[in-house]
Amino acid sequence: MKIATYNVNGVNGRLPVLLRWLDVAQPDIVCLQELKAPQDKFPEKAIRERGYESIWHGQSRWNGVAILSRVGTIHETRRGLPGDPDDVQSRYIEAAVNGVLIAGLYAPNGNPRPGPKFDFKLRWFDRLLAHLDGLVGMDAPVVIAGDFNIIPSDRDVYVPDRWRDDALFAPEVREAYSRLLGQGWIDALRHEHPGETIYTFWKYLRYAFERDAGLRIDHILLNPVAASRLVTAQVDKAPRSWPKTSDHTPVWIELGDDKRKRRKRSAK
DNA sequence: ATGTCGGTGTCGCACCGA
């Protein structure tokens, strides 16, 4: 089962790119971020015609997250993080799909730092950690996928020193990511490619993609049950080179069969 | 500071967020 995350940066403006990518990449489950579309403007029909059902949490102008599936019904379990009734931003959606609990997230950018936006980002991660702490130990595979807006380490940014004060690389934010991994989550991409330079985002500015001046900020985290089924984790760089494309590119994992189930089946 | 996007409304340029 192929599970992907893709910050599309405008789901309607980017619809041709999204559909092209669905056609060639053939993911089974997709988490989308930065829809930039109100709830009633999500292109559900075009996506359904490609074979995917979807749930989404839209918002006028900014944010917005969705989950797509071509492997069975999406059973929504949550939209929005608990812990702040004043938070109306569409940044978290969660569902059970085909035996896997999937969370799609779009974390706050947090710039400029310091400032209220940065404070909101830190509080948002406190709420995320509080919620995910209750999911990591589940007896089912749990996959957290999205744009975390966190550069985890020096290896994940083309010129670390230029990003020290940025809200994506600030010590407080990297510390939140460390605490998250400390709960028991596995960073799938880094786990599969420990020494590699891996980017998932390149600014539109100054030929950043052509210079490979990128960041790794889109992550897929696995609980131990999901990690035991991990076959591979990859960045799909091709869509970033397409015309009228997002500044992010998709990240995906392949989960193999549940060995416990297979054993049960073969025992029959 | 720079630069380049999508989306929105004050509507076909200026803005915001990223």
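All values below come from the heavy atoms of this structure, side chains included, with hydrogens, waters and symmetry mates left out. To find a chain, count down the sequence lines: A is the first, B the second, and so on, and within it residues start at 1.
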Using only side-chain N and O atoms of [X], determine if any of them is under 4.0 Å from OP1 or OP2 of [N].
X       : N       : result
R61(A)  : dG17(B) : no
K203(A) : dC5(B)  : no
K244(A) : dG6(B)  : yes

Taking the minimum atom-to-atom distance to the side chain of [X], which one of [options] wins?
X       : options                  : value
Y204(A) : dC16(B), dG9(B), dC5(B)  : dC5(B)
K36(A)  : dG17(B), dT8(B), dA18(B) : dG17(B)
R14(A)  : dG3(B), dA18(B), dG6(B)  : dG6(B)
N12(A)  : dG7(B), dG17(B), dA18(B) : dG7(B)
Y106(A) : dG17(B), dA18(B), dG7(B) : dA18(B)
R206(A) : dA18(B), dG7(B), dT2(B)  : dT2(B)

Over-ring placement of R113(A) relative to F118(A), 6.0 Å and 45° cut-offs: yes

Heavy-atom pair with the smallest gap, counting every atom of W56(A) and Q39(A):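 So the two residues come closest at NE1-O, 2.8 Å.
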
Take the protein atom [atom1] of [X] and the nucleotide atom [atom2] of [N], then report the distance between them rounded to whole Å.
X       : N       : atom1 : atom2 : value
H248(A) : dG6(B)  : NE2   : P     : 13 Å
N111(A) : dA1(B)  : CG    : P     : 13 Å
L205(A) : dA1(B)  : CG    : P     : 15 Å
L15(A)  : dG7(B)  : CG    : P     : 10 Å
W202(A) : dA18(B) : CH2   : C1'   : 17 Å
D247(A) : dA18(B) : CG    : P     : 12 Å
L18(A)  : dG6(B)  : CG    : C1'   : 15 Å
Q33(A)  : dG6(B)  : CD    : C1'   : 16 Å

Between [M] and [N], how far apart are the [atom1] atoms? Round to whole Å, please.
N       : M       : atom1 : answer
dC11(B) : dC16(B) : C1'   : 16 Å
dC15(B) : dT10(B) : P     : 14 Å
dT8(B)  : dG3(B)  : P     : 26 Å
dA1(B)  : dG6(B)  : P     : 25 Å
dG12(B) : dG7(B)  : C1'   : 14 Å

Ring pair (Phe, Tyr, Trp, His ring centres under 6.0 Å) assessment of F169(A) paired with W163(A): CA-CA 6 Å; F169(A) 200 41; W163(A) 287 80; 7.9 Å; no

D28(A) bridged to R70(A) by N-O distance under 4.0 Å: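 Salt bridge: yes.
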
Pair E175(A)-Y177(A), side-chain donor/acceptor within less than 3.5 Å: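 No, Y177(A) and E175(A) have no side-chain donor paired with an acceptor closer than 3.5 Å.
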
Side-chain donor-acceptor pair present, S246(A), N9(A), cut-off under 3.5 Å: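 Short answer, no.
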
Whichever of S60(A) and T245(A) has its nearest DNA chain B nucleotide further upstream toward 5':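 Comparing both residues, the 5'-ward one is T245(A).
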
Nearest-nucleotide comparison on DNA chain B, the residue closer to the 5′ end among G13(A) and F201(A):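 The 5'-side residue here is G13(A).
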
Sugar-phosphate, base or nothing in reach of P38(A), heavy atoms under 4.0 Å: sugar-phosphate

Sugar-phosphate, base or nothing in reach of N9(A), heavy atoms under 4.0 Å: sugar-phosphate

